[in-house]
Each structure stands twice: as structure tokens, then as C-alpha cells.
Amino acid sequence: MYLVLMMMGILLFSSISKGLGSPQYWVIEMAQFTMAAYYLLGGAYTMQMDSHVRMDVFYGTWTPKRQATIDAITVLCLITYLVLLLYGGISSTTYALEYGQKNYSSWAPYMAPIKIIMTFGIFMMLLQVLATFFQNVAAAKGIPFDIKQHPEDIVV
């Protein structure tokens, strides 16, 4: 959440500097980088908190096992997408680090820092989605997954 406040501060600075007659060229790109870091790093947290948006046309009427089965299938598609995105992110980050890639703008910032953050966010999202997949598979099989809710299932 601090990244949103940081982005708001950057955009406020942009407005004030334009009002004073000295616009800064770096603020819009910096706000874009901050927003990209926010949503890519926040994706895994959103999955962990189960706060993502669902179309509840049919989903709400299904049994918990059927919901978990459909979620597992959907998460498999997401895993495929994230693996391909991670592959591209690693390739792009490697290129940016190797050649000192800069953005094509008047500010011309180095791209490696934001690409590292983006690749890390994609990796964290992939880890969380894998955990969610195993949780959905367990729920589809009727096996309790949350030990806190089912302490009697702990085998010592």
C-alpha cells in the first residue's frame, strides 16, 4: 500500500512543479514504474488473501468440491501463463542487465531495476498460485488443507 502513497506523492509533485512552471520529465515514468511494481508485487498477496474478482454467475451455486475442481483447472491455465511470463521476464531482465538497457525517453532511466522487480513479482505470484493449486486439489478431493481449522488431522 505504501507504493500507492509513493505514486500519489510523485503525481502531486508533478502537479506542483507544472504549476510553478518547471515540469519534471521523470515524474510520469516514475509513477508508471511505481504502479507496475505495485500491481505485480500485489498479485501474489491478492491470491494469498483470496481477494481476486470472480464472475459469480454459476460459481456461487456449485458445491465446494466442484468450485475447487474448477478453480484447480483455472489455476493450471494461470500457471501456464505465469511460467511463460516468467521466462520472458528473465530473458528481458538478463538483456537489460547485460546491455545496460535504457528507456527511450528524455529521462532515459535504466530498465534493469524495474525489470528485476517485475520478474520477482511474477515469480512470487507463481509460487502463490502453485500453493493455491495444491490447496484446490486437496479441497476437490475432500481433504482438509488448513491445519488451523482441522487440528485433529495432524499425524504425529
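Rounded to the nearest 0.5 Å, atoms CD1 (Ile79) and CG (Leu84) are 12.0 Å apart. Interatomic distance, CG of Leu86 versus CG of Leu126, reported as 6.5 Å (0.5 Å rounding). For the atom pair CD1 (Ile16) and CG (Leu11), the distance works out to 11.5 Å, reported to the nearest 0.5 Å. Note that the OG1 atom of Thr132 and the CG atom of Asp50 stand 8.0 Å from one another [nearest 0.5 Å]. Atom CG of Leu127 and atom CG of Leu130 lie 6.5 Å apart (nearest 0.5 Å). Atom OG in Ser15 sits 11.0 Å away from atom CG in Leu20 (nearest 0.5 Å).
If you chain together hydrophobic residues whose side chains sit under 4.5 Å apart, Met8 and Val27 fall into the same group. Hydrophobic clustering keeps Phe123 apart from Ile116 (ILVMFWY residues linked when any side-chain heavy atoms are closer than 4.5 Å, directly or through intermediates). When the side chains of ILVMFWY residues are joined at heavy-atom separations under 4.5 Å, either directly or via intervening members, Tyr45 and Leu40 end up in two distinct hydrophobic clusters. Hydrophobic cluster membership is shared by Phe120 and Tyr81, with clusters built from Ile, Leu, Val, Met, Phe, Trp and Tyr side chains linked at under 4.5 angstrom. Leu97 and Tyr95 are not part of a single hydrophobic cluster, where members link through side-chain heavy atoms under 4.5 Å apart.
Not a single donor-acceptor pair under 3.5 Å links the side chain of Ser92 to the backbone N or O of Gly88. Put simply, the side chain of Ser91 never gets that close to the backbone of Tyr87: no donor and acceptor are under 3.5 Å apart.
Ala72 and Val137 get closest at one heavy-atom pair: CB-CG2, 4.3 Å. In terms of heavy atoms, Ala96 sits closest to Lys115 at CB-CD, 3.8 Å. Across all non-hydrogen atoms, the minimal contact from Asn136 to Val75 is ND2-CG2, 3.8 Å. When every heavy atom of Ala68 is checked against every heavy atom of Ala140, the shortest pair comes out as CB-N, 3.6 Å.
In summary, the side chains of Gln24 and Lys18 do not present any donor paired with an acceptor at a separation below 3.5 Å, with no hydrogens or angles considered. In the model, Thr93 has a side-chain atom that pairs as donor or acceptor with a side-chain atom of Thr119 under 3.5 Å.
Legend: residues meeting side-chain contact (heavy atoms from CB on, under 4.5 Å) with Ser106, ordered by chain and number and at least two apart, are Tyr25. By the side chain to side chain donor-acceptor pair (under 3.5 Å) test, Ser105 is found to be paired with Glu29, residues two or more places apart in sequence or in another chain being considered. Remark: Tyr39 engages no residue in a ring pair (Phe, Tyr, Trp, His ring centres under 6.0 Å) (not counting sequence neighbours). By the side-chain contact (heavy atoms from CB on, under 4.5 Å) test, Thr34 pairs with Leu3, Met6, Met7, Ile10, Met30, sequence neighbours left out. The side chain to side chain donor-acceptor pair (under 3.5 Å) search around Gln32 returns none, not counting sequence neighbours.
More than 12 heavy atoms of other residues, nucleotides or ligands shown are found within 6.0 angstrom of OH on Tyr59.
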Going through the distances and angles, do Leu82 and Leu78 end up as a side chain to side chain contact (heavy atoms under 4.5 Å, CB included)?
CA-CA 6 Å; Leu82 287 172; Leu78 182 57; 4.0 Å; yes
Residues Tyr110, Gln101; criterion side chain to side chain contact (heavy atoms under 4.5 Å, CB included); working and verdict:
CA-CA 6 Å; Tyr110 285 102; Gln101 180 185 15; over 6 Å; no
For side chain to side chain contact (heavy atoms under 4.5 Å, CB included), just list the numbers for Met125 and Met47, CA-CA rounded to whole Å, side-chain angles, deciding distance to a tenth of an Å, and then say yes or no.
CA-CA 8 Å; Met125 176 86 170; Met47 288 293 293; 3.7 Å; yes
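Aromatic ring centres of Trp26 and Phe33: separated by at least 6.0 Å.
Note on ring orientation: taking the six-membered ring where Trp is involved, the planes of Trp62 and Phe58 are parallel (angle under 30°, cut-offs 30° and 60°).
Residue pairs that meet the salt bridge (charged side-chain N to carboxylate O under 4.0 Å, His left out) test with at least one member in residues 68-85, sequence neighbours left out, are Arg54-Asp71.
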